[in-house]
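One structure is given below, encoded as structure tokens.
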Amino acid sequence: GLFVEGRGTFTLVNGTSSSRATGDVSQTGYDFKLPSPSGFGGGGTIGYEIANNLGLVASFDYRSVSSRKWESTKNDATSTIGGGTMSQAIQNVKNTMIIGLGLRPSVNALGGVIYAGAGVAYLLPYTDTTTVDLSDFTASAGLTIKREIKSEWNSGIGAYGELGYNYSITDNLYLGLGVRLVVVTANNDGK
């Protein structure tokens, strides 16, 4: 039969990334930290059981993923305006949407259904936004700058895999817990 699911998500992002300086960079041995991006989102799945315990599914997911906020300061007697403290804070945010199409085999167990599915994932074009706050304060004056850097990214294609458990509350209602892995590569060529 036909089934419809709604979900809330927590996303952890893994991939190649650069670390940035944090803390007081006028000291020796200051820290560099990776972005550790994560965020919340939501989505839905609609599916149809094409054979016993095998569903054809289409899904949509929205994710808002933020990096850590890198904050650094520097005490500098030769600052722009003649000595003082310079500070900066940098954070990156990506809001992405992914469409999936795949198969979901399942088995009835433990009072519900255990499923493991896979399929094609299509990442829609998205915007990558980096916010930079700079300040330079001295005894005589201060300067504060906020800059927002946006870059547009193309769509990308990849794959997803999922594993989960749905506990039946009634014949037409269940509560589930699942994990979904999405691997998609996108670029900003031509943007």
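No hydrogens, no waters, no symmetry mates; every other heavy atom, side chains included, goes into these values.
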Heavy atoms of other groups near Tyr167 OH, more than 12 under 6.0 Å: no

Any donor-acceptor N/O pair, Asp24 side chain to Lys74 backbone, under 3.5 Å: no

Within one Ile-Leu-Val-Met-Phe-Trp-Tyr cluster: Ile157 and Tyr160, side-chain cutoff 4.5 Å: no

Student check: side-chain heavy atoms of Asn154 and Lys191 closer than 4.5 Å: yes

Heavy-atom closest contact (Ala186 atom, Trp153 atom, distance): O-CZ3, 3.5 Å

Stepwise side chain to side chain contact (heavy atoms under 4.5 Å, CB included) test for Lys69 and Glu71: CA-CA 6 Å; Lys69 188 172 190 176; Glu71 295 180 290; 4.2 Å; yes

Arg104 bridged to Glu5 by N-O distance under 4.0 Å: yes

Steps toward side chain to side chain contact (heavy atoms under 4.5 Å, CB included) verdict (Val65, Leu12): CA-CA 8 Å; Val65 178; Leu12 296 172; over 6 Å; no

Joint cluster assignment, Val57 & Tyr48, ILVMFWY side-chain distance < 4.5 Å: no

Pairing residues for Arg63 by the side-chain hydrogen bond (donor to acceptor under 3.5 Å, both in side chains) criterion, not counting sequence neighbours: Thr96

Salt-bridge contact Arg147-Asp133 (side-chain N to carboxylate O under 4.0 Å): no

Short side-chain to backbone donor-acceptor contact, Trp70 and Lys33, under 3.5 Å: yes

Same cluster (ILVMFWY, side-chain, under 4.5 Å), Val4 and Ile50: yes

Check: Thr127/Glu152 side-chain N/O donor and acceptor closer than 3.5 Å: yes

Option among Asn166, Leu54, Asn53 that satisfies the side chain to side chain contact (heavy atoms under 4.5 Å, CB included) test with Tyr115: Asn166

Residue pair Phe60 / Met97, side-chain heavy-atom distance below 4.5 Å: yes

Verdict with supporting geometry, Ser72 and Thr22, side chain to side chain donor-acceptor pair (under 3.5 Å): CA-CA 5 Å; Ser72 61; Thr22 59; over 6 Å; no

Atom pair CG (Leu175) and CD1 (Ile169), whose distance is rounded to the nearest 0.5 Å: 5.0 Å

Non-neighbouring partners of Tyr122 that pass side-chain hydrogen bond (donor to acceptor under 3.5 Å, both in side chains), sequence neighbours left out: Ser155

Joint hydrophobic cluster, Tyr62 plus Leu124, side-chain heavy atoms closer than 4.5 Å: yes

Atom pair OG1/NZ of Thr11 and Lys94 - distance to nearest 0.5 Å: 12.5 Å

Aromatic centroids of Phe10 and Phe40 separated by under 6.0 Å: yes

Pair Val132-Leu134, side chain to side chain contact (heavy atoms under 4.5 Å, CB included): steps then yes or no: CA-CA 6 Å; Val132 181; Leu134 298 170; 3.9 Å; yes

Thr130 and Asn92: side chain donor to acceptor below 3.5 Å: yes

Connected via hydrophobic side-chain network under 4.5 Å: Leu103 and Val113: no

Nearest heavy-atom neighbours spanning Asn95 and Ser64: OD1-OG, 2.7 Å

pair Ile149-Thr129: side-chain heavy atoms closer than 4.5 Å: no

Minimal non-hydrogen separation, Gly44 against Arg7, with atom names: O-NH2, 3.5 Å

Residue pair Ser135 / Thr144, side-chain donor-acceptor N/O under 3.5 Å: no

Ala116 to Leu163 - nearest heavy-atom pair and separation: CB-CD1, 3.9 Å

Closest heavy-atom pair and its distance - Gln91, Ser66: NE2-CB, 3.9 Å

Candidate pair Leu181 and Val179, rule side chain to side chain contact (heavy atoms under 4.5 Å, CB included), full reasoning: CA-CA 7 Å; Leu181 174 67; Val179 176; 5.9 Å; no

Greater than 12 external heavy atoms within 6.0 Å of Asn187's CG: yes

Leu177 CG: over 12 foreign heavy atoms closer than 6.0 Å: no

Pi-cation contact, Phe32 with Arg20 (under 6.0 Å, within 45°): no

Side chain to side chain donor-acceptor pair (under 3.5 Å) assessment of Arg180 paired with Thr9: CA-CA 10 Å; Arg180 181 175 263 218; Thr9 61; over 6 Å; no

Val93 and Asp128, any side-chain heavy atoms less than 4.5 Å apart: no

